[in-house]
There are 2 protein chains.
Amino acid sequence: MRLTSKGRYAVMALVDLAKFDNINPVSLRDISLRQGISLDYLEQIFSKLRKKEIVQSVRGIQGGYVLNKKAKEIKLTNIFDAVDEKIKTVQCKKESKKGCNGKPIKCVTHNLWDELENHITNFFDGKSLEDLVKDNNERRF
Amino acid sequence: MRLTSKGRYAVMALVDLAKFDNINPVSLRDISLRQGISLDYLEQIFSKLRKKEIVQSVRGIQGGYVLNKKAKEIKLTNIFDAVDEKIKTVQCKKESKKGCNGKPIKCVTHNLWDELENHITNFFDGKSLEDLVKDNNERRF
DNA sequence: TTCAAACTTGACTATTTTAGTCGGGTTTAT
DNA sequence: ATAAACCCGACTAAAATAGTCAAGTTTGAA
Ligand code: FES
Ligand code: FES
């Protein structure tokens, strides 16, 4: 089990954005340079973030992106959800009657995985972008 | 992020084994049939479990595998560790001074991921094979 | 003593996921 | 006009996953 770069990049980029969008929109080029993330990849990520209304775009020269909500109101679960970073522990469809092996009863690990999934979701739901920005400012940069 | 089948299979197989090894060793063929897991794949998994001394093998006809410890003493972390199911959240080398992007400072998400990793590890460390067997017996089968 | 059930080992492979890249756009401040 | 920026879809290389396959060895029981 591992978290993927997509989710990590999304969080890194949004923290960067939250720190710098006070006055002007922030261009992906700047984020790319500061965070060391491929520009083309960032564009894919921000396209998703925009569709989920986490950021707004400003087109044209001097354009970029701005947060669409207060940093306090953006939870990590929202971010992960937007970029399709799945916290997927159970293998079966949850609402299905069938288990992961096609049998008509859930497998012995099902409840366990499900419980873990809740743990993780709660963890990410308790963290906002603001928390991360603060945390980051404290340890300087 | 997702847990892989390897870890899930290992746990399923060991619960099965724990339930049936009271008298005789349990053959992988039986586990394969009961749990719907490829026999060849199970062999790979049990080879690892044996090397980490979680199970013992009994060769020859009527052979199979038996637990090498009390079910109570086998934690899920031990199982995952044995089959190389990694709970890997941070992307960088933890002990390295460098961050995941090669910069000389850890990225903004590092602490967060690390904290999550501890959460998950604690969760799995608190669950023994015995717990799962009990849980499984309660809901009948 | 022969046989088949079962473990043992290592290599090979197909599928899926990830992490990009690439090539073309469109918009808009200057 | 032009260049900085966003926008979009298709393509691809690399890695991880989930197996498969082939060729053994061991040993209880008929
Ligand atoms: S994970 Fe849901 S039935 Fe196995
Ligand atoms: S995950 Fe450790 S530095 Fe980014």
Side-chain angles (χ1 to χ4, degrees), chain A residues 1-13 17 20-21 24-33 35-52 54-66 68 80 83-89 91 100-102, chain B residues 1-10 12-13 17 20-21 23-33 35-52 54-66 68 80 83-89 91 100-102:
Chain A
M1 185 179 65
R2 54 189 276 263
L3 291 162
T4 69
S5 290
K6 191 164 52 176
R8 192 163 39 86
Y9 287 167
V11 175
M12 287 167 73
L17 179 55
F20 290 98
D21 84 341
N24 297 317
V26 181
S27 73
L28 294 189
R29 195 176 137 279
D30 287 351
I31 296 179
S32 165
L33 290 174
Q35 304 296 330
I37 304 169
S38 144
L39 176 59
D40 284 317
Y41 202 23
L42 269 181
E43 283 181 342
Q44 286 181 43
I45 292 170
F46 271 77
S47 165
K48 292 181 176 184
L49 292 172
R50 185 172 55 81
K51 279 171 191 152
K52 290 295 176 73
I54 291 174
V55 296
Q56 267 192 330
S57 66
V58 180
R59 301 194 64 160
I61 200 167
Q62 288 288 74
Y65 286 92
V66 292
N68 196 30
F80 282 171
V83 299
D84 306 310
E85 177 79 311
K86 303 247 178 42
I87 309 297
K88 187 186 179 208
T89 54
Q91 199 65 9
C100 57
N101 45 15
Chain B
M1 185 180 63
R2 55 189 277 262
L3 291 161
T4 69
S5 290
K6 191 164 52 175
R8 192 162 39 85
Y9 288 166
M12 286 166 73
L17 179 55
F20 290 99
D21 84 342
I23 311 141
N24 297 316
V26 181
S27 73
L28 293 189
R29 197 176 136 280
D30 287 351
I31 296 180
S32 165
L33 291 174
Q35 304 296 330
I37 303 170
S38 145
L39 177 58
D40 283 318
Y41 203 22
L42 270 181
E43 283 178 343
Q44 287 182 42
I45 291 170
F46 271 77
S47 164
K48 292 180 176 186
L49 292 172
R50 185 171 57 79
K51 278 170 193 154
K52 289 296 176 74
I54 290 174
V55 297
Q56 266 193 329
S57 67
V58 180
R59 300 192 64 157
I61 201 166
Q62 290 286 76
Y65 287 90
V66 291
N68 197 29
F80 282 171
V83 300
D84 306 310
E85 177 78 312
K86 303 247 178 42
I87 310 296
K88 186 187 179 208
T89 55
Q91 200 67 8
C100 56
N101 45 15

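Model, not experiment: these values are computed from the prediction. The chains referred to below are lettered A, B, ... by the order of the sequence lines, with proteins before strands, and numbering in each begins at 1.
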Please indicate whether B:Lys86 has more than 12 foreign heavy atoms, meaning atoms of other residues, nucleotides or ligands, lying under 6.0 Å from its NZ. no
Options D:dC6, D:dT20, C:dG20, nucleotide nearest the side-chain atoms of B:Ser38: D:dT20
Quick one: is B:Arg50 getting a side-chain N or O under 4.0 Å of the C:dT9 phosphate, OP1 or OP2? yes
Between B:Tyr41 (OH) and C:dT13 (C1'), how many Å, whole number? 13 Å
Whole-Å distance between D:dA18 P and B:Lys48 NZ? 11 Å
Taken to the nearest 0.5 Å, the spacing of A:Leu28 CG from A:Asp40 CG works out to 10.0 Å
Out of C:dC7, C:dT9, C:dT18, which has the shortest distance to the side chain of B:Ser47? C:dT9
Give a yes/no answer on whether the side chain of A:Tyr9 brings an N or O atom under 4.0 Å of OP1 or OP2 in C:dG20. yes
Reckon B:Ser27 has a side-chain N or O less than 4.0 Å from the OP1 or OP2 of C:dA5? no
Tell me if the CD atom of A:Gln62 is crowded by more than 12 foreign heavy atoms within 6.0 Å. no
May I ask you to evaluate whether A:Thr4 reaches the phosphate of C:dT17, defined as a side-chain N or O under 4.0 Å from OP1 or OP2? no
Using side chain to side chain donor-acceptor pair (under 3.5 Å), reason through B:Ser32 and B:Arg29 one step at a time and then give a plain yes or no. CA-CA 5 Å; B:Ser32 165; B:Arg29 197 176 136 280; over 6 Å; no
Over how many whole Å does the gap from B:Phe46 atom CZ to C:dT9 atom C1' extend? 17 Å
Take the protein atom CZ of B:Arg8 and the nucleotide atom P of D:dA18, then report the distance between them rounded to whole Å. 8 Å
Is the phosphate of C:dT8 approached by B:Ser57 (side-chain N or O, under 4.0 Å from OP1 or OP2)? yes
Mind checking what makes salt bridge (charged side-chain N to carboxylate O under 4.0 Å, His left out) contact with B:Asp30, not counting sequence neighbours? none
A:Thr4: side-chain hydrogen bond (donor to acceptor under 3.5 Å, both in side chains) partners, not counting sequence neighbours: A:Glu85
Just how far, in rounded Å, is P of C:dA5 from CG of B:Asn24? 17 Å
Between D:dG19 (P) and A:Gln91 (CD): distance, integer Å: 10 Å
Once hydrogens and angles are ignored, does a donor-acceptor distance under 3.5 Å link the base of D:dT20 to the side chain of B:Glu43? no
Just the rounded figure in Å: distance from P of C:dT17 to CG of A:Asp84. 13 Å
Expressed as a whole number of angstroms, how long is the span from A:Ile45:CD1 to C:dT21:C1'? 14 Å
Polar pair under 3.5 Å, donor/acceptor by atom type, side chain B:Gln44, base C:dT8: no
Position toward the 5' end of DNA chain C (nearest nucleotide), B:Asp40 or B:Arg2: B:Asp40
Using a cutoff of under 3.5 Å, can you pull out all pairs of nitrogen or oxygen atoms linking the protein to nucleotides 28-30 of chain D, with atom names and distances?
none

Identify the two heavy atoms, one from A:Ile45 and one from A:Val83, that lie closest to each other, and give their separation to 0.1 Å. CG2-CG1, 3.9 Å
